[in-house]
Amino acid sequence: MGTKPRNFIAVRDVAQLAALALMESRLKNRTLEVGGPENFTNNQVAELYGKIAGVTPKVSHMPPAVAIVMSVVLQPFEPGVSRIMYMSSLPDDAFSEKFDPASLLAEFPMHLTTLEEFIHERVAETKNS
């Protein structure tokens, strides 16, 4: 668990691309695939947070059976969280969550927030509050 590479994208990058999609006539009636600049496993994300924050992360993994039970229990109250729990119970090779931003950036040159930049900002916010 925690070893499946997945793509992470900052909300501000999604907002920038959404605004572009709304304002650019060439994007009318088009589907725009978006994602962040890198793919990381959840374990790598925890390690990077720990490194940047200067702490040793404590990582634990939920057994798939627990995720399935939580999915069923949460369904009537929190359907979105229920779906995440169900997806978490699937094997790492059930579907890909990786994204290659090359074609997006070729068409729309822009800076996509790296995971390291994002984590540095979150850690700084925590230390300043």
A.B. asks: Out of curiosity, Glu38 CD to Leu48 CG, how far, rounded to the nearest 0.5 Å?
C.D. replies: 9.0 Å

A.B. asks: Please name the pair of heavy atoms, one in Ser71 and one in Tyr86, separated by the smallest distance, quoted to 0.1 Å.
C.D. replies: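 Nearest pair, atom of Ser71 first, then Tyr86: OG-CB, 3.5 Å.
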
A.B. asks: Between Glu117 and Arg12 (salt bridge meaning N to carboxylate O under 4.0 Å), is one present in this structure?
C.D. replies: no

A.B. asks: Might you point out which heavy atoms bring Pro76 and Val72 nearest each other, and give the distance in Å?
C.D. replies: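 Looking at all heavy atoms of both residues, the shortest contact is CD-O, 3.7 Å.
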
A.B. asks: To check you understand the geometry: which heavy-atom pair defines the closest contact between Pro101 and Leu112, and what is its length?
C.D. replies: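 Heavy-atom minimum between the residues: CB-CD1, 4.0 Å.
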
A.B. asks: Please check if the number of heavy atoms outside Phe95 that lie under 6.0 Å from its CZ is greater than 12.
C.D. replies: yes

A.B. asks: Provide the closest heavy-atom pair for Ala10 versus Phe118 in the form atom of the first, atom of the second, distance.
C.D. replies: CB-CD1, 4.5 Å

A.B. asks: Using the rule that Ile, Leu, Val, Met, Phe, Trp and Tyr join whenever any side-chain heavy atoms are under 4.5 Å apart, tell me whether Leu115 and Ile52 fall into a single cluster.
C.D. replies: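 As far as the 4.5 Å side-chain criterion goes, Ile52 and Leu115 are connected within one cluster.
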
A.B. asks: Heavy atoms only: give me the nearest Val45-Phe40 pair and the separation to one decimal.
C.D. replies: CG2-CB, 4.0 Å

A.B. asks: Quick one: do Met85 and Val69 end up in the same hydrophobic cluster if we chain Ile, Leu, Val, Met, Phe, Trp and Tyr together by side-chain heavy atoms under 4.5 Å apart?
C.D. replies: no

A.B. asks: To the nearest 0.5 Å, what is the distance between CD1 on Ile68 and OG on Ser88?
C.D. replies: 10.5 Å

A.B. asks: Inspect the surroundings of CZ in Arg83 and state if more than 12 heavy atoms from other residues, nucleotides or ligands are less than 6.0 Å away.
C.D. replies: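 Check fails, neighbour count at 12 or below.
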
A.B. asks: Check Ala46 against Pro57 and note the closest heavy-atom contact, atom names and distance.
C.D. replies: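 Taking every non-hydrogen atom into account, O-CG, 3.4 Å.
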
A.B. asks: Is it true that Met87 and Val66 fall in one hydrophobic cluster, defined by side-chain heavy atoms closer than 4.5 Å?
C.D. replies: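 Different hydrophobic clusters.
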
A.B. asks: Could you state whether Leu17 and Leu105 fall into the same hydrophobic cluster, counting links through intermediate Ile, Leu, Val, Met, Phe, Trp or Tyr residues with side-chain heavy atoms under 4.5 angstrom apart?
C.D. replies: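 Looking at the clustering, Leu105 is in the same group as Leu17.
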
A.B. asks: Please list all pairs meeting side-chain hydrogen bond (donor to acceptor under 3.5 Å, both in side chains) that have one or both residues in residues 46-63, counting only residues at least two apart or in different chains.
C.D. replies: Asn43-His61

A.B. asks: Do side-chain atoms of Thr41 reach the backbone of Lys4 as a donor and acceptor pair under 3.5 angstrom?
C.D. replies: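 Not confirmed, Thr41 side chain does not pair with Lys4 backbone.
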
A.B. asks: In this structure, are over 12 heavy atoms from other groups packed under 6.0 Å from Glu33 atom CD?
C.D. replies: no

A.B. asks: Linking I/L/V/M/F/W/Y whenever any side-chain heavy atoms sit under 4.5 Å apart, do Met70 and Val81 land together?
C.D. replies: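 Linked within one cluster.
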
A.B. asks: Could you go through Glu107 and Arg26, starting from their C-alpha distance and side-chain angles, then the distance that decides it, and tell me whether this counts as side chain to side chain contact (heavy atoms under 4.5 Å, CB included)?
C.D. replies: CA-CA 11 Å; Glu107 187 172 1; Arg26 64 187 166 134; 3.8 Å; yes

A.B. asks: Nearest 0.5 Å please: distance from the CG atom of Asp100 over to the CG atom of Asn39.
C.D. replies: 8.0 Å

A.B. asks: Go through the structure and list residues passing salt bridge (charged side-chain N to carboxylate O under 4.0 Å, His left out) with Arg6, not counting sequence neighbours.
C.D. replies: Glu97

A.B. asks: In Å, rounded to the nearest 0.5 Å, how long is the span from CZ of Phe108 to CG of Leu27?
C.D. replies: 4.0 Å

